[in-house]
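As the structure lists them, so they are numbered: ligands from 1, and atoms in each ligand from 1.
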Amino acid sequence: MEVEREPCEEPPPTMMEEEEAEAISVAKDPPRIHRLDQSVVNRIAAGEVIQRPVSAVKELVENSLDAHSTSINVVVKDGGLKLIQVSDDGHGIRYEDLPILCERHTTSKLSEFEDLQSIKSMGFRGEALASMTYVGHVTVTTITAGQLHGYRVSYRDGVMEHEPKACAAVKGTQIMIENLFYNMTARRKTLQNSADDYPKIVDLLSRFAIHHINVNFSCRKHGAARADVHTVATSSRLDAIRSVFGVSVARNLMKIEAADDDVSSSVFEMDGFISNSNYIAKKTTMVLFINDRLVECTALKRAIEIVYAATLPKASKPFIYMSIVLPSEHVDVNIHPTKREVSLLNQEAIIEKIQSAFESKLRNSNEERTFQEQTMEPSSSGPKDTRKDSDCSPKLSGSRSQKVPVHKIVRTDSQDPAGRLHAYLQVKPQSHLGKESDLTVVRSSVRQRRNPKETADLTSIQELVSEIEGNSHSGLQDIIKYCTYIGMADDVFALLQHNTHLYLVNVVNLSKELMYQQVLCRFAHFNAIQISNPVPLKELIMLALKEEDLDQQCDENDDLKEKIAEMNMELLKQKSEMLNEYFSLSIDLDGNLSRLPVVLDQYTPDMDRVPEFILCLGNDIDWDNEKSCFQGISAALSNFYALHPPTLPNPSGDNFQFYKKRQSSRNPQDEGNSSNSLVDDVVIEEEIDHELLAEAENAWAQREWSIQHVLFPAVRLFFKPPTSMATDGTFVQVASLEKLYKIFERC
Ligand code: ADP
Ligand code: MG
């Protein structure tokens with residue numbers, strides 16, 4: 001059927017209308033399509049991936065988790081606009097990969113599209129780091145296992161700004177993003193006007209921390225002494241929630257579980273902690289992990305809120321931590337630019353099952369509702385705290401048996417880490433798993449016990465070893481064997497608890513002596529630390545001589561130093577065969593140092609001390625007498641390997657000033673009057689040398705970690721404390737709890 005068009009009855013267009021029509025017809029001309037410049041494309045894409053500072057932090061933390069880190073530390077300045085720094089102790093990044101690290105679509109986690117089906121890592125697109133370089137300044141410092149030094153390199157717009165520079169580094173990777181959105185004025189302005197992202201970042205880290213409970217997390221504002229998130233790895237989810245969200249939340253949580261294994265409807269396992277009827281909050285907190293990814297699911301959240309509203313009398317919003325695990329082929333992780341959402345196969349069925357699990361849990365808890373007694377915190381419990389993960393039900397305080405008199409209760413024992421000072425302090429980056437290192441120590445002790453005499457076939461060495469054994473102090477030995485390491489009291493002294501006594505122990509002396517004993521025990525049977533770029537001895541000696549000059553304010557001329565260095569190098573070259581065979585110290589024909597011994601497993605000495613060590617070998621050894629020669633070399637090695645405070649001052653002490661950049665604000669009229677130039681230098685409060693500070697923080701954290709996880713376990717197993725240590729200030733008893741108790745009793 002044809003429709004006849006009605007004749008147009010509108011009046012003819014006026015002049016005005018004609019003009020308008022013309023204008024419209026011009027606008028309707030199709031605009032030309034052209035290719036965008038690659039840099040514009042990249043920047044637009046980057047703006048999508050990195051929407052705000054918190055998205056950058058999420059990507060960086062996920063990368064650290066993908067790198068199997070056990071410790072992740074975040075530092076933020078100006079809500080992340082000035083600085084975001086994420087340091088981890090993961091596997092690091094290969095040197096060869098650094099040139100393409102920040103190119104778009106470069107990843108180590110995916111090769112084929114099909115891999116997405118079974119992907120376990122959080123990243124897969126290879127876009128995050130690239131994006132950050134298009135909207136901020138990125139600096140990466142990283143070291144991989146077995147390397148003696150790391151590399152640092154900065155990136156802009158996907159490419160390296162310079163060749164990677166060798167640098168000192170602790171295990172893992174540190175990524176620093178400065179001036180985020182410096183080239184996106186509108187984004188920066190909006191972010192500056194809105195409340196800053198720091199609370200969002202803290203919230204993000206809190207969420208990660210209660211799921212990945214085997215990882216230590218910390219998050220703090222730059223320059224702040226206290227961390228706002230600080231968790232220590234634990235095996236109890238509830239403990240993790242308690243430490244992040246507080247006692248009042250943890251007290252009111254119940255464990256929940258649900259699962260389905262019916263292929264025709266849904267396949268999943270869910271477990272979590274949810275708030276009971278005593279919990280009161282205005283806003284729902286829902287922490288949801290699906291296959292270990294932190295995601296959001298509005299439908300599920302809504303479904304749960306409905307159950308709460310229907311079941312519990314109070315109009316309180318719930319707290320929910322939930323982890324859902326599905327077969328990975330049932331989850332599409334690739335549906336959201338920031339991976340904030342995932343899509344699930346049979347989502348409705350899963351939500352329904354979870355909803356009914358909530359319903360029955362809440363109904364039961366509502367019926368059984370009882371008044372709770374406040375439980376005691378772990379710090380006041382006896383030495384063996386056997387709380388279990390699922391044991392979140394309140395304990396009746398009267399039912400606890402306390403046989404030990406109160407003044408004899410010890411906060412910690414050597415087996416039980418609860419109560420260590422460490423747990424109360426800000427988390428420091430850790431570079432290895434504590435357990436792993438304990439294991440290695442045990443393994444090597446077994447190895448040594450199996451071959452007790454193997455190492456001692458030279459009489460001089462036998463004599464030196466028996467001198468150690470004959471001179472050992474049994475009281476100190478007992479303390480050392482059964483003590484608990486509580487923490488560092490200052491840069492040199494560690495606090496130990498042994499029964500009801502507290503001791504301060506000088507870790508420099510202790511570690512030096514331990515290293516000495518270990519060198520003699522391992523004599524001729526060392527494993528080796530390979531130095532990837534052998535270092536010329538002559539340069540090392542020159543360095544050490546110059547350093548000495550600085551200390552003594554004298555200024556010998558360089559020719560003389562050159563001569564000394566040359567002579568020392570020749571001497572050491574002559575001795576190289578012996579040094580190599582007995583001490584695993586390799587010096588090649590050209591006079592380069594290429595190998596060092598492993599004196600303690602899991603421990604690499606501070607390489608800043610190599611020059612001093614080589615100078616000492618060249619100058620201070622009596623090469624003519626076998627026994628004193630071995631003793632001298634062992635002493636030089638032990639001084640080198642001892643846990644001295646790092647060269648950079650401790651940034652958490654009074655030395656923070658050191659890291660503030662000095663800027664000269666000299667008045668031009670005063671030019672030439674340099675006598676008071678020091679006075680003219682002003683410290684600009686805000687300007688802090690991040691690089692130096694990060695280096696120092698790493699060095700100090702690494703040392704503290706080594707003290708706790710390498711030094712003390714080894715000391716417990718191997719150390720024979722010489723009698724002199726009882727009186728020379730290495731061990732000092734600072735308190736006896738019985739006596740303290742008496743004092744406090746009187747108050
Ligand atoms: P994706 O995580 O999607 O692969 P990214 O741009 O986030 O992409 O990271 C690129 C690559 O850089 C990763 O695949 C990984 O190999 C490496 N990488 C990034 N961060 C770290 C880190 N903290 N530790 C070790 N490797 C890292
Ligand atoms: Mg990533």
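Evaluated by nearest non-hydrogen atom to atom 6 (O) of ligand 1, the leading choice among T173, V140, L129 is L129. Counting heavy atoms only, L101 comes closest to atom 17 (C) of ligand 1 of the residues N63, L101, T106. When the heavy atoms of D66, I93, I72 are ranked by distance to atom 26 (N) of ligand 1, first place goes to I93. Atom 16 (O) of ligand 1 has its nearest heavy-atom neighbour, among S108, A67, G92, in S108.
Of the possible polar contacts, none joining the R302 side chain to the C297 backbone as a donor-acceptor pair under 3.5 Å is found. D606 places no side-chain N or O within 3.5 Å of a backbone atom of H644 that could act as its donor or acceptor partner. Using a distance-only test at 3.5 Å, with no hydrogens or angles considered, no donor-acceptor pair links the side chain of S55 to the main chain of I50.
Considering backbone and side-chain atoms together, E59 places no N or O closer than 3.5 Å to any N or O of ligand 1. An N or O contact shorter than 3.5 Å is missing between A130 and ligand 1 by distance. Note: no N/O pair closer than 3.5 Å links G123 and ligand 1 by distance alone. An N or O contact shorter than 3.5 Å links T107 to ligand 1 by distance.
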> What do the steps show when you test K109 against E62 for salt bridge (Lys or Arg N to Asp or Glu O under 4.0 Å), and what is the final call?
Replying inline: CA-CA 12 Å; K109 303 169 191 169; E62 288 186 341; over 6 Å; no

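Under 4.0 angstrom from ligand 1, there are no non-hydrogen atoms of M122.
Of all atoms in ligand 1, listed by their number and element, those nearer than 4.0 Å to a heavy atom of F124 are 1 (P), 3 (O). Listed by number with element, the atoms of ligand 1 under 4.0 angstrom from any heavy atom of A128 are 6 (O), 7 (O). Remark: ligand 1 atoms within the under-4.0 Å shell around heavy atoms of H91 are 25 (C), 26 (N).
Taking a 6.0 Å sphere around CD of E269, one finds it holds 12 or fewer heavy atoms contributed by other residues, nucleotides or ligands.
Salt-bridge annotation for R242 and D239: present, with a side-chain N of the basic residue lying under 4.0 Å from a carboxylate O of the acidic one. Looking at E697 and R220, a side-chain N of the basic residue comes within less than 4.0 Å of a carboxylate O on the acidic one, giving a salt bridge.
A side-chain donor-acceptor contact under 3.5 Å links D89 and T70. Side-chain atoms of S594 and N592 include no donor-acceptor pair closer than 3.5 Å. Side chains of R152 and T139: no donor on one and acceptor on the other come within 3.5 Å.
The protein atom (non-hydrogen) at minimum distance from atom 1 (P) of ligand 1 is G126 N, 3.6 Å. D88 OD2, 2.8 Å is the protein heavy atom nearest to atom 23 (N) of ligand 1. When hydrogens are left out, the protein atom nearest atom 2 (O) of ligand 1 is K109 NZ, 2.6 Å; that is the closest non-hydrogen contact.
Among the backbone and side-chain atoms of N63, an N, O or S atom lies under 2.8 Å from the Mg ion (ligand 2).
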